Number of protein chains: 2
Amino acid sequence: MRDNDQMPGHLARRFQQIAVAVFHAEVEAVGCDLTPVQYSALLAIHRHPGIDQITLAGLIAYDRTTITGVVDRLARKGLVTREVSGADRRARVLRMTPDGGRELCRVQPAVEAAQEVLLSGLSPAEAESFLELLRKAIGAVDGRSRAKLRPAIGATGERSG
Amino acid sequence: MRDNDQMPGHLARRFQQIAVAVFHAEVEAVGCDLTPVQYSALLAIHRHPGIDQITLAGLIAYDRTTITGVVDRLARKGLVTREVSGADRRARVLRMTPDGGRELCRVQPAVEAAQEVLLSGLSPAEAESFLELLRKAIGAVDGRSRAKLRPAIGATGERSG
DNA sequence: TACTGATCATCAGTATACGTCAATTCGAAC
DNA sequence: GTTCGAATTGACGTATACTGATGATCAGTA
């Protein structure tokens with residue numbers, strides 16, 4: 001039996017745990033109240049106005065049911081609007097409000113700072129190599145997070161909607 | 001604004017998300033019902049019989065309030081026992097049951113398999129380099145989260161204060 | 001004995017994450 | 001026009017994770 005620091009799964013959990021804490025600290029420091037997931041969603045909605053929730057989930061690799069709560073909280077803060085689509089009344093059309101735009105601009109430097117803190121233990125060359133390997137590792141097993149889901153539904157990230 | 005691919009925080013979340021899914025798949029395949037966190041806790045209790053919950057939390061870098069629920073579920077499955085310590089009536093002494101030992105043995109190959117799957121996109125040299133950088137990055141920012149890594153003081157997990 | 005501060009476990013509240021199921025709606029076949 | 005399969009969303013249950021608060025206990029002190 002290996003030690004915990006030999007287990008990529010454990011290290012992944014630990015790194016992500018710290019990443020969330022660092023994000024919270026940096027974002028709070030600039031007076032914003034956004035979680036990492038809420039930031040990702042807000043950014044995606046900004047880049048894809050009128051997106052529906054399923055497509056949004058695919059874009060940032062979230063579970064479909066998780067998006068409901070995330071969007072709910074963003075809407076409650078007045079950062080996005082969620083309206084029934086005219087073309088497809090099942091779908092909810094998501095748009096960023098002016099308040100959402102301001103919040104996104106305001107939080108941006110904090111997000112950048114958080115990413116730098118996370119890699120502060122590595123030299124620039126090491127950081128680059130680390131991200132490269134991380135992307136490579138993810139790429140090889142991407143789609144595994146859907147392994148237990150019914151196969152009929154589309155893959156994460158591509159819905160060409 | 002960077003793309004998600006350039007954000008270590010996002011990549012960390014994605015990698016961890018996949019790690020959990022792969023773990024679940026492999027563990028289910030051998031007929032076990034353990035989450036990654038439950039496995040870590042069970043292994044730590046096996047290695048430190050009589051450990052209390054706070055020390056356990058420090059060993060595997062969990063939040064102290066999370067441990068309550070994790071141990072609760074392990075106890076409900078009959079894999080560990082939780083009794084009030086004779087020396088310190090605030091503390092709960094944790095021990096693995098024979099059933100817990102059997103479950104741990106049975107799940108071990110699945111856990112190993114999951115770790116291999118996670119790194120399947122990397123060559124052995126790359127995998128080693130990746131884990132090295134991951135450990136280094138974590139080491140530099142460890143302590144930023146509420147759940148800090150704290151090595152056990154005594155061999156059996158006694159913390160004397 | 002009583003007070004004080006620290007420690008251990010737990011609970012309430014919030015948020016992420018996933019699976020299952022139900023309700024609604026859409027598109028297409030009948 | 002109604003029925004049927006598919007798709008979108010939401011509700012509910014379970015698990016992890018952290019903040020803040022509380023109760024119980026321990027150790028030290030007056």
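None of the values given here were measured: they were computed from a predicted structure.
- If you check every strand for non-hydrogen atoms under 4.0 Å, A:Thr65 touches a base.
- Taking a cutoff of 4.0 Å between a charged side-chain nitrogen and a carboxylate oxygen, B:Asp72 and B:Arg82 qualify as a salt bridge.
- Classified by interplanar angle (parallel below 30°, tilted 30° to 60°, perpendicular above 60°), the ring pair A:Phe23/A:Tyr39 is tilted.
- Spacing between atom CD1 of A:Ile54 and atom C1' of D:dA6 amounts to 12 Å, rounded to whole angstrom units.
- Side-chain N/O atoms of B:Gln53 include none lying less than 4.0 angstrom from OP1 or OP2 on C:dT7.
- Look at CZ on B:Arg14: it is 12 Å from C1' on C:dA17, rounded to the nearest Å.
- Each of C:dA17, D:dT19, D:dT16 was ranked by its minimum atom distance to the side chain of B:Asp63; first place goes to D:dT19.
- If you check every strand for non-hydrogen atoms under 4.0 Å, B:Val70 touches sugar and phosphate atoms only.
- Taken from CG in A:Leu74 to CD1 in A:Ile45, the straight-line distance is 6.0 Å, to the nearest 0.5 Å.
- To the nearest angstrom, P of C:dA9 lies 13 Å from CG of B:Asp72.
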Can you check nucleotides 24-28 of chain C for protein contacts, nitrogen or oxygen pairs under 3.5 Å, and list what you find?
from   : atom 1 : to      : atom 2 : distance (Å)
C:dC26 : OP1    : A:Arg89 : N      : 2.9

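- Between the CE atom in A:Met96 and the CG atom in A:Leu43 there is a gap of 9.0 Å [rounded to 0.5 Å].
- Distance A:His10 NE2 to D:dT16 P: 14 Å, rounded to the nearest Å.
- A:Arg89 is linked by a side chain to side chain donor-acceptor pair (under 3.5 Å) to nothing, counting only residues two or more places apart in sequence or in another chain.
- Judged purely by atom type and a 3.5 angstrom limit, A:His48 has no side-chain atom pairing as donor or acceptor with the backbone of A:Ala44.
- The distance from atom CD of A:Gln17 to atom P of D:dT19 is 10 Å, rounded to the nearest whole Å.
- For B:Arg64 and D:dC18, the CZ to P distance is 11 Å, given to the nearest whole Å.
- Following rounding to the nearest Å, A:Arg92 (CZ) and D:dA7 (P) show an atom-to-atom distance of 18 Å.
- Between A:Asp63 and A:Thr65, the side chains place a donor N or O and an acceptor N or O closer than 3.5 Å (distance only, hydrogens not considered).
- Note on A:Thr66: a base of the nucleic acid sits closer than 4.0 angstrom, heavy atoms only.
- The separation between A:Arg13 atom CZ and D:dT16 atom P is 10 Å, rounded to whole Å.
- Searching all strands for a Watson-Crick or G-U wobble partner of D:dA30 with both distances below 3.5 Å returns C:dT1.
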